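Have a look at the structure below, then the notes.
Small disclaimer: the values here were computed from a predicted structure and weren't measured. Each chain gets a letter, A, B and so on, in the order the sequences are listed, and its residues count up from 1.
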Amino acid sequence: MAFRGRETMDFRFTEEQEMTAGVVRDLLADLCQPADLRRLMESGDARDANRWEKISEMGLAGALVGEEIGGLGLRPVDFVLVAEACGYACLPEPLVENAGIALPLLASLTQTGTTRFVVERALAGEITVALGHSANPFIADADTAGALLIERDSALHLVSPGDVHLSLQPSIDPFRRLFTAEGGLSEATRVAGNDEAAAKLASALDRGALFTAAQLLGIAQRCVDLAVAYARERQQFGKPIGTYQAVKHQLATAQVKIEFARPVLYAAAATIDHADRYSRARISHAKLVASEAADVAARTAIQVHGAMGYSWEVDVHFFLKRAIALTNWWGGPAFHRGRIAERVLNGELGPEHTFTHAAADA
Amino acid sequence: MAFRGRETMDFRFTEEQEMTAGVVRDLLADLCQPADLRRLMESGDARDANRWEKISEMGLAGALVGEEIGGLGLRPVDFVLVAEACGYACLPEPLVENAGIALPLLASLTQTGTTRFVVERALAGEITVALGHSANPFIADADTAGALLIERDSALHLVSPGDVHLSLQPSIDPFRRLFTAEGGLSEATRVAGNDEAAAKLASALDRGALFTAAQLLGIAQRCVDLAVAYARERQQFGKPIGTYQAVKHQLATAQVKIEFARPVLYAAAATIDHADRYSRARISHAKLVASEAADVAARTAIQVHGAMGYSWEVDVHFFLKRAIALTNWWGGPAFHRGRIAERVLNGELGPEHTFTHAAADA
Amino acid sequence: MDLTYSPDQKRFRHEVRSWMEAHVPSLPLPSFDASREGFEAHREWERTLSQGRWGMVTWPETYGGRGLDLIQWLIFEEEYYRAGAPLRVNQNGIFLLGPTLMEYGTPEQKARFLTAMASGDEIWAQAWSEPQAGSDLAAVKSSAVRDGDDYVLKGHKIWSSRAVFADWAFGLFRTDPASQRHKGLSLVFFPLDAPGVRVQPIAQIDGETGFAEIFLEDVRVPAFNRLGGEGEGWTICMATAGFERGLMLRSPARFQVAARKLVDLYKAHEHEVEPSVREAVLRSWMDTEAYALSIYSTASRLAAGGHIGAEASTNKIFWSEMDIALHKAALSILGARAELLRSAPEAGDIGRWLDGYFFSLAGPIYAGSNEIQRNIIAERMLGLPRA
Amino acid sequence: MDLTYSPDQKRFRHEVRSWMEAHVPSLPLPSFDASREGFEAHREWERTLSQGRWGMVTWPETYGGRGLDLIQWLIFEEEYYRAGAPLRVNQNGIFLLGPTLMEYGTPEQKARFLTAMASGDEIWAQAWSEPQAGSDLAAVKSSAVRDGDDYVLKGHKIWSSRAVFADWAFGLFRTDPASQRHKGLSLVFFPLDAPGVRVQPIAQIDGETGFAEIFLEDVRVPAFNRLGGEGEGWTICMATAGFERGLMLRSPARFQVAARKLVDLYKAHEHEVEPSVREAVLRSWMDTEAYALSIYSTASRLAAGGHIGAEASTNKIFWSEMDIALHKAALSILGARAELLRSAPEAGDIGRWLDGYFFSLAGPIYAGSNEIQRNIIAERMLGLPRA
């Protein structure tokens with residue numbers, strides 16, 4: 001039931017796509033405000049049980065899983081706005097990593113009894129699947145996952161978290177639960193050999209980079225929004241600091257970065273399935289510029305907040321930390337610039353090739 | 001008679017150094033204003049005869065030539081403010097190239113009848129010497145020179161401009177007269193073999209980079225000064241544009257660049273004679289940051305002048321063009337960054353090594 | 001969201017491509033700003049375009065257009081720049097004034113002016129700025145005094161692009177002498193050869209002309225030459241500025257071609273330059289792509305009935321800064337040759353990068369300085385308070 | 001211009017080096033902002049310094065100093081940072097208040113406060129900001145009402161560094177209740193354990209405290225604690241700000257050590273990172289050197305009787321931006337490990353770069369935001385008109 005486009009060059013999201021994202025946005029606006037983040041942090045819990053239940057009830061776990069095995073059969077372009085909303089909210093729970101990346105990978109493998117069982121439970125929202133992909137040195141949310149899907153020597157293994165040794169690798173972002181895993185993998189845990197795994201791991205990397213870019217863009221916009229709200233209220237020298245050109249121009253500069261990362265992100269989402277040098281470069285482009293937009297926006301927000309930006313008492317720091325973490329998640333700048341170089345130095349260039357892809361007849 | 005310092009760590013210029021530069025500054029303020037540049041350009045002449053005569057009368061031609069052969073025996077640090085003043089004025093005539101670089105090179109060679117004759121005439125201000133150094137693809141002011149000192153296969157040759165074939169290579173800077181030279185060199189024209197030439201060519205390159213950096217710094221300050229003068233007068237929306245924070249902050253940013261290029265330049269001038277990796281890196285550092293300061297200042301000045309900056313009618317364009325040309329003269333950014341890398345990756349680092357040099361016992 | 005051209009769009013692209021291949025002059029035309037000869041060669045090209053009905057493809061057929069949508073316009077532009085076709089000497093007319101005329105003109109005005117514009121018979125200059133009114137356009141002092149069925153124009157315009165050789169100009173004039181700031185202004189057209197008009201070229205940093213000052217002394221034009229109502233000039237002018245900054249004036253294809261040339265230049269000198277230059281080159285490619293995608297996005301939205309808003313300002317900032325960075329990257333590859341004129345024997349493949357760099361420096365200034373654009377973004381898009 | 005140390009200066013360097021080698025703790029002390037224990041360990045270090053008469057080498061011997069000049073101070077700082085000696089917990093006292101006391105204090109005040117400051121017996125917090133007075137310091141509302149020989153302090157201070165554990169604080173108070181803006185303010189000292197003082201730590205982005213809010217309710221201090229005349233607080237405070245931004249607070253050696261560590265980090269990972277990282281690393285080295293040279297230049301000028309002017313503002317902008325860039329370069333080398341806490345098993349050689357980065361982000365904000373500094377440069381150094 002993938003949301004279909006309009007069958008001609010059209011850069012707008014469909015109403016269905018907008019609606020799905022709108023529902024997630026509304027839910028997170030209700031349940032994932034900075035006060036909620038603070039509460040979770042103080043509780044020491046990994047997840048906000050109530051919020052995660054509400055998210056699970058939306059049935060998004062199977063968003064990108066094929067309809068033939070119980071998913072919604074959506075495409076990445078149908079999910080990109082959801083990922084952006086997760087970034088905007090600084091969501092602690094692994095909606096993007098689970099539904100956007102790990103689960104569709106697991107579901108895409110040749111199914112066995114074990115994999116089918118795990119996929120079914122995950123689709124039902126009973127468990128999450130955490131992914132150990134070679135693009136990342138750590139596995140996020142491994143401890144709360146019901147199953148770990150781990151790449152080792154280019155093959156894929158499916159194990160229970162209890163069967164491997166997990167070491168917590170604490171992140172500056174209080175909501176990122178990173179682990180390294182040792183042991184527990186064997187011939188018996190292997191669910192895909194090298195031949196099958198290669199293309200599917202590559203595809204997971206593309207989704208990972210794409211949806212991480214989306215989250216970074218959401219973070220960037222949130223930082224600008226927080227700073228704008230503050231600049232309208234905070235008075236210095238007898239007027240709101242938002243009246244000063246220095247503040248205006250810094251925020252305008254950050255917004256320009258966002259405005260020109262956004263269409264790249266959406267184009268990357270719309271063309272990811274081509275899985276060629278053109279689509280990969282677009283994804284990498286999106287990841288790079290979304291990271292940069294988040295960096296500039298977060299630092300600008302800190303600066304606009306003045307001393308306050310340096311404290312726990314304002315909310316910017318949550319977004320600054322997430323931005324730092326995601327910049328290197330699913331490939332850092334060097335990796336993605338390398339993919340762009342490959343496309344620029346070896347691919348077709350020029351205005352007629354904006355939408356070129358390997359299979360295109362244009 | 002080199003102007004002596006105060007025999008202890010002291011970053012100030014001596015009174016003699018300030019005075020020499022002051023005289024040059026005053027002369028150029030009188031005779032080398034933009035109106036004078038326009039007049040020279042319209043005349044089509046290579047030099048302003050009156051100005052050049054006044055400059056020659058100051059006796060600066062032999063500034064860096066040893067006293068034993070009739071020069072003033074000054075050190076580069078005594079000349080750096082003069083070079084800065086030449087940049088500030090956008091001086092068309094080759095005071096820096098002749099007195100600062102070419103002539104001291106020629107005078108430093110083992111003297112023969114020919115070289116002595118040329119040096120004497122040059123010291124008397126009758127001719128200039130133009131230098132063809134492998135660091136530059138062109139020879140500046142070759143057509144108006146009385147003699148050409150040309151590096152070829154690591155040896156040095158002295159020839160008359162009439163004995164080689166000169167091809168004009170027109171520059172965007174109307175006052176830069178660049179040439180390539182062909183033919184005319186032979187065993188008979190050689191005035192220094194490879195062994196003698198190597199160190200002296202290296203030393204000329206250091207002086208070239210140093211004094212070019214000085215000119216770039218002068219250019220940068222002039223651009224800021226021109227823009228400030230304009231911003232105080234020009235009205236938009238009912239007040240001088242200099243009252244707007246956007247204009248203020250751009251100019252402040254340019255001035256900060258200048259302020260932190262200046263001490264590097266002066267330190268480079270003071271330590272050039274060490275001729276080691278430390279002094280070379282300092283010179284290269286000065287060249288890089290002076291280029292950047294000139295670039296930022298010139299572009300800021302264009303922006304502050306609004307549409308006017310784009311026209312011949314305001315003066316900024318003279319400085320913009322000179323900055324573009326000098327950025328690559330006596331080594332471009334890649335060359336100089338390479339020398340800095342050599343020092344940073346292989347030399348001593350840390351706060352106790354700010355003034356370290358190979359011969360230091362500190 | 002569907003980023004695949006429809007079969008019709010593909011057919012259209014091939015149609016444009018074939019026509020361009022058959023008609024684009026094989027040698028570059030001489031500059032339209034440097035000589036009358038170059039200007040007339042470009043006028044000839046406008047006529048050729050017009051004969052193929054390619055003068056302005058989005059205009060209705062009545063005025064010489066094809067009534068195409070913005071996506072087709074983008075495809076047209078891509079093929080136009082891909083073919084290396086000449087710059088549009090009539091861009092002030094077709095991109096700036098044209099859309100405004102279409103919206104605010106009377107049927108008689110449209111018939112009179114649009115057709116001649118599309119055909120290349122009348123080339124237009126803009127006359128926005130005045131010596132004391134640059135980014136602050138509301139400070140114009142030039143006046144248009146009503147006298148029967150005519151206006152009598154008086155004043156001094158500056159930075160008028162194309163005015164040296166063009167046929168007509170449009171500009172703001174104060175029709176109410178007692179008015180202040182943006183009240184009491186009207187948009188009026190005048191022929192550049194009318195009695196009382198004196199055009200004075202302004203020499204530019206790159207040595208070419210292109211811009212001019214216009215001195216108007218009792219220039220008499222019929223009231224028919226006023227676009228929109230008396231005193232409505234400011235509103236109309238703001239709409240025009242929207243078009244200018246927003247979409248039409250800087251089509252992405254132009255920058256994408258520049259980025260392709262930059263990549264070629266980089267490949268030819270890859271081993272002589274610093275590794276960081278590679279990043280600058282990739283950045284320029286990324287930026288031109290982002291700009292193209294952004295314009296496609298806007299075009300899709302406009303096609304569905306949307307309006308262009310503060311994104312006109314984000315576009316202006318983005319392309320002007322991108323254009324400078326792109327040219328700086330090229331100059332850094334050229335190194336010591338960057339300062340040479342193209343006539344230099346050693347110029348080699350220096351191309352027009354230095355000219356382009358000087359031109360790019362004007363980008364953040366004209367069509368509303370980037371300082372003004374940042375104010376607009378902060379106030380209208382982000383909702384920050386006015387000072 | 002002579003950039004060679006004199007024999008005396010070299011001897012002095014060796015003297016400092018020997019002493020540091022003998023006294024600097026071999027293990028880093030725990031943070032003075034994170035715990036009372038760390039704070040007291042640093043106080044102990046201040047006492048050790050003081051016993052060696054290294055507490056504040058530029059102060060007169062009467063107050064525990066050595067009466068040395070600024071070049072010697074720079075040499076001392078170089079050796080101090082070279083040795084990896086602890087950060088100065090009393091920097092608010094010795095670098096900010098100390099020089100001001102020296103200039104404006106009565107002999108009795110100097111005797112009372114300077115000696116205890118140099119000895120480490122009294123550690124100082126600053127209390128500049130208030131909730132509604134950040135960069136706009138003249139907006140302070142806290143009051144000091146004269147009552148006989150005392151002042152009674154009331155108000156709310158914020159962003160007071162060291163206030164959590166320190167002994168004393170200094171701040172601006174409105175001594176004339178009818179006054180506006182920077183008139184009617186006085187600089188007053190108060191003990192942080194005085195009745196009516198409540199100190200509330202502010203949690204920072206890096207999880208440490210360090211800053212605090214101070215609530216003052218009818219805190220009674222003798223008039224002796226007022227520095228300078230009543231109502232002269234603003235003038236004196238501006239002088240202090242000059243010292244803070246100008247020279248003392250951020251000695252170049254600190255950044256040069258950071259640059260050296262950055263180069264080491266780069267060398268260890270040279271083959272894993274993008275070529276452009278090399279440029280960022282070289283840039284950081286260049287900037288820290290430029291900063292050091294600039295301070296030497298200023299020190300030479302001051303030694304010859306000059307005064308520090310708007311260059312205090314250029315320094316502030318330069319070091320704060322350099323500090324951010326330096327830490328960003330380090331994070332880019334660390335890549336995916338950059339987000340780890342040092343306690344992570346995989347942390348490896350990540351060091352304190354992330355902490356340092358967060359700290360660097362405060363640089364453009366405190367001690368007068370960089371926006372304010374740019375205004376100062378534009379108006380006082382370049383002579384642009386005030387708005």
Looking only at D:Ala292, D:Ala310, D:Ala303, D:Ala290, most heavy-atom pairs under 4.5 Å shared with chain B are made by D:Ala290
Min side-chain heavy-atom separation D:Gln256-B:His353 under 4.5 Å: no
Start with the C-alpha gap between B:Arg232 and D:Leu384, add the side-chain angles, then the distance that decides, and say whether side-chain contact (heavy atoms from CB on, under 4.5 Å) holds. CA-CA 6 Å; B:Arg232 289 161 60 107; D:Leu384 287 168; 4.1 Å; yes
Do the non-hydrogen side-chain atoms of D:Glu78 and B:Thr354 ever get within less than 4.5 Å of each other? yes
Quick check: do D:Thr314 and B:Lys257 have side-chain heavy atoms less than 4.5 Å from each other? no
Nearest 0.5 Å please: distance from the CG atom of B:Leu251 over to the CD1 atom of D:Ile377. 11.0 Å
Using heavy-atom distances under 4.5 Å, tell me whether B:Arg262 contacts chain D through its side chain, its backbone, both, or neither. neither
Heavy-atom closest pair, residues B:Pro240 and D:Pro385: CB-CG, 4.2 Å
Chain B contact via D:Ile71 - side chain, backbone, both or neither, heavy atoms under 4.5 Å: side chain
Within-4.5 Å side-chain heavy-atom neighbours: B:Met9 and D:Thr4: no
D:Arg374 side chain near B:Lys248 side chain, heavy-atom distance below 4.5 Å: no
Quick one, B:Arg282 and D:Leu293 - any side-chain contact, counting heavy atoms below 4.5 Å? yes
Would you call the rings of B:Phe260 and D:Tyr291 parallel, tilted or perpendicular if under 30° counts as parallel and over 60° as perpendicular? parallel
With a 4.5 Å cut-off on side-chain heavy atoms, are B:Glu352 and D:Ile75 touching? no
Part of D:Ala253 within contact of chain B (heavy atom distance under 4.5 Å): both
Side chain, backbone, both or neither: which part of D:Tyr266 has an atom under 4.5 Å from a heavy atom of chain B? side chain
Out of curiosity, D:Lys261 NZ to B:Leu349 CG, how far, rounded to the nearest 0.5 Å? 13.0 Å
Determine which residues belonging to residues 331-345 of chain B lie within contact range of chain D, meaning some heavy atom pair is under 4.5 Å apart, and list them by number or answer 'none'. B:Arg337, B:Ile340, B:Ala341, B:Arg343, B:Val344, B:Leu345
Contacting region of D:Val263 [heavy-atom separation from chain B under 4.5 Å]: side chain
Taking atom NZ as the centre, does D:Lys328 end up with more than 12 heavy-atom neighbours from other residues, nucleotides or ligands that are less than 6.0 angstrom away? yes
Quick check on D:Leu3 against chain B: is it the side chain, the backbone, both or neither that has a heavy atom closer than 4.5 Å? both
What part of D:Glu321 lies closer than 4.5 angstrom to a heavy atom of chain B: side chain, backbone, both or neither? neither
Name the option with the most non-hydrogen atom pairs under 4.5 Å to chain B; the candidates are D:Leu74, D:Asn375, D:Ile317, D:Val257. D:Asn375
How would you list, by chain and number, every residue that makes a side chain to side chain donor-acceptor pair (under 3.5 Å) with D:Trp353, sequence neighbours excluded? none
With a 4.5 Å heavy-atom cut-off, do D:Met1 and B:Asp10 have their side chains touching? no
How are the rings of D:Trp285 and B:His285 set to each other: parallel, tilted or perpendicular (split at 30° and 60°)? tilted
Return the CD to CG distance between D:Glu279 and B:Leu288, rounded to the nearest 0.5 Å. 8.5 Å
Ranking D:Ser300, D:Ala258, D:Ala378 by heavy-atom pairs under 4.5 Å to chain B gives rank one to D:Ser300
Engaged part of B:Tyr266 at the chain D interface, taking heavy atoms whose separation is under 4.5 Å: both
Could you check which of B:Gln255, B:Gln245, B:His249 has the highest count of heavy-atom pairs closer than 4.5 Å to chain D? B:His249
Region of B:Glu348 in contact with chain D, defined by heavy-atom distances below 4.5 Å: neither
